[in-house]
There are 2 protein chains.
Amino acid sequence: MKSYHQYCALARGLDVLGDRWSMLIIRELSLRDCRYTDIRDGLPGIASNLLAERLRELSHAGVVERYESPKPIASALYRLTLRGRELLPAMHAIVRWASPLMVSGPADGDHERGRWTAFAADAFLGGPGADATTLSVQMGDDEEPIVIDIAAGDVSVRIGTDDHADVRVHGSNWMQLGLLSGELSFSEATRLIEITGSRTAVRKLRGVLHRRRTVGSPIAAVGGR
Amino acid sequence: MKSYHQYCALARGLDVLGDRWSMLIIRELSLRDCRYTDIRDGLPGIASNLLAERLRELSHAGVVERYESPKPIASALYRLTLRGRELLPAMHAIVRWASPLMVSGPADGDHERGRWTAFAADAFLGGPGADATTLSVQMGDDEEPIVIDIAAGDVSVRIGTDDHADVRVHGSNWMQLGLLSGELSFSEATRLIEITGSRTAVRKLRGVLHRRRTVGSPIAAVGGR
DNA sequence: CCGCATCCGGGGCGATACTG
DNA sequence: CAGTATCGCCCCGGATGCGG
């Protein structure tokens, strides 16, 4: 995209991030390092030349870097730089703002990925003021399940399974997102989707989600006018 | 822009905000209600049909609304809805991320506006965890000066002047931004630009800026990987 | 198979002109 | 002042090809 040519931090930020697909590329790299094709799989409809071009631009901006993968893997990988990871708070803020747009569920023809739900989980549970309990949650059933690890205020989300998870949440991305964002109350969620685990672990999850919803409401942060 | 057709909160957010100029329109409306031409003045180079189209889209998304102005003014105005104001935390996060891109100063041909600096001031000083002191700061000299009012933890920024301001900061947008973002240390700033006011008021400002820089460092928020 | 580069319609964007 | 209309152009989307 052409630069806005404005001496304004927002405009300069958008000069880097504002191109179509750019933020979604960063989303893909936020959970794991990716091969070219892995990124492509997360961006249905992108033209291959565009992906290459975006990776060059983001690389030049110092947000993404390419490196030769270690021995077992036969290909190069892309990953976020530190500067790139510093973008996550901003993108998580967009996720929180957009969560009301998700209550209607997937539209006809919408693509779905478990890792996109993981990205949202990071947005809702992570960041400063995270919960101080310890809990591991396994979410999603079939393809691309995710694990949320809460350990003394530090929240990490990854793709994969954990056989020793304290709680298991089975349900569509729609239901998972509703539970995480708080658009779906915990009691409603327990009726609509299967949540298994010890009584205390389930209560812990309920506590974490409830606290997350009441702290740092966006309305309060907007302030006066 | 065409929808990404992804059931992902980030993608759905960008379906609303991702078009060229959209976020900059919201920036313009964040400080004051605007006439069509006022917005246009803040977006040098936008085609007028695009501005009209974006306003329609943002209006349809419930972010912006048009209303008939009260008597003395002879025209319609645009303003952010509540839903639109809830976007500010996300846009402020982008501003904070992009502030290192501003240290090089305005590039050749860059447009400048005092209100863009005001928007950045909001990003750096506002939000939760704001300072609990009381202080009014007048910034910028000639065209479009701004006033920052800090009153018991509530920060509000507006365009205009305040003859009773506690501190006055004279200097280019470049210098003002450096001071606000912390890329310029306060002691450097006092050498490079004129900061006038009572000794205690200047110390207060120094305290506010210093506290803002040390609290909520982005690095800590990114977390492990 | 992976990581692109190339080619080619179509539509979004930029610039200007025009109107109530 | 507040838009609408028009016209190139370039970016984007989709397909194909090709070297490693």
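Residue numbers start from 1 in every chain, and the chains themselves are labelled A, B, ... in the order their sequence lines are given, proteins ahead of strands.
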*Strictly under 6.0 Å, is that where the ring centroids of A:F124 and A:H92 end up?*
no
*Taking CG from A:N49 and P from D:dC10, how many angstroms apart are they, rounded to a whole number?*
16 Å
_Check the phosphate of C:dC4 against A:R56, side-chain N and O only, distance under 4.0 Å to OP1 or OP2. Yes or no?_
no
*With heavy atoms under 4.0 Å as the rule, sort A:A47 into base, sugar-phosphate or nothing.*
base
_Could you tell me how far apart A:H5 (NE2) and C:dC13 (C1') are, to the nearest whole angstrom?_
15 Å
*Expressed in angstrom and rounded to an integer, what is the separation of A:L77 atom CG from C:dC4 atom P?*
12 Å
*Round to a whole Å and report the spacing from CG of B:L51 to P of D:dC1.*
14 Å
*Between A:W21 and D:dC12, does any side-chain N or O lie under 4.0 Å from OP1 or OP2?*
no
*asked:* Is a donor from one side chain sitting under 3.5 angstrom from an acceptor on the other, for B:D149 and B:S156?
replied: no
_With a cut-off of less than 4.0 Å, is there a side-chain N or O of B:Y78 near OP1 or OP2 of D:dG3?_
yes
*asked:* Closest approach to the side chain of A:R40, judged atom by atom: which nucleotide of D:dC12, C:dC4, C:dA15 is it?
replied: C:dC4
*In whole Å, what is the span from the CD atom of A:E68 to the P atom of C:dG3?*
10 Å
*Between C:dG3, D:dG3, D:dC1, which nucleotide has the shortest distance from any of its atoms to the side chain of B:R35?*
D:dC1
*Do we see a donor-acceptor contact under 3.5 Å between the side chains of A:W116 and A:E28?*
yes
_Nearest whole Å is fine: how far is D:dG20 C1' from A:Y36 OH?_
15 Å
*Shortest side-chain distance from A:L50, nucleotide among C:dG14, C:dG3, D:dC12*: D:dC12
_Phosphate contact (C:dG3 OP1 or OP2) by A:R66 side-chain N/O below 4.0 Å_ = no
_Among C:dG14, C:dC13, C:dC4, the one nearest A:K2 by side-chain distance_ = C:dG14
*asked:* On the nucleotide D:dC1, are OP1 or OP2 found under 4.0 Å from the side-chain N or O atoms that B:T37 carries?
replied: no
*asked:* It should be established whether A:R20 places a side-chain nitrogen or oxygen under 4.0 Å from OP1 or OP2 of nucleotide C:dG12.
replied: no
*Choose from C:dC4, C:dG12, C:dT6 the nucleotide whose nearest atom is closest to any side-chain atom of B:R54.*
C:dG12
_Do A:E57 and A:E53 have side chains that approach each other closer than 4.5 Å (heavy atoms only, starting at C-beta)?_
yes
*Consider only side-chain N and O atoms of B:N173 and B:E112, and report whether a donor and an acceptor are under 3.5 Å apart.*
yes
*OP1 or OP2 of D:dA2 sitting under 4.0 Å from any side-chain N/O of B:S75?*
yes
*Quick one: which of C:dA5, D:dC1, D:dG3 gets closest to the side chain of A:S48?*
C:dA5
*May I have the distance from B:I46 (atom CD1) to C:dC13 (atom P), rounded to whole angstrom?*
10 Å
*Roughly, in whole Å, what's the span from NE2 in A:H111 to C1' in D:dG13?*
13 Å
*Exercise: do B:Y67 and B:D33 side chains pair donor with acceptor under 3.5 Å*: yes
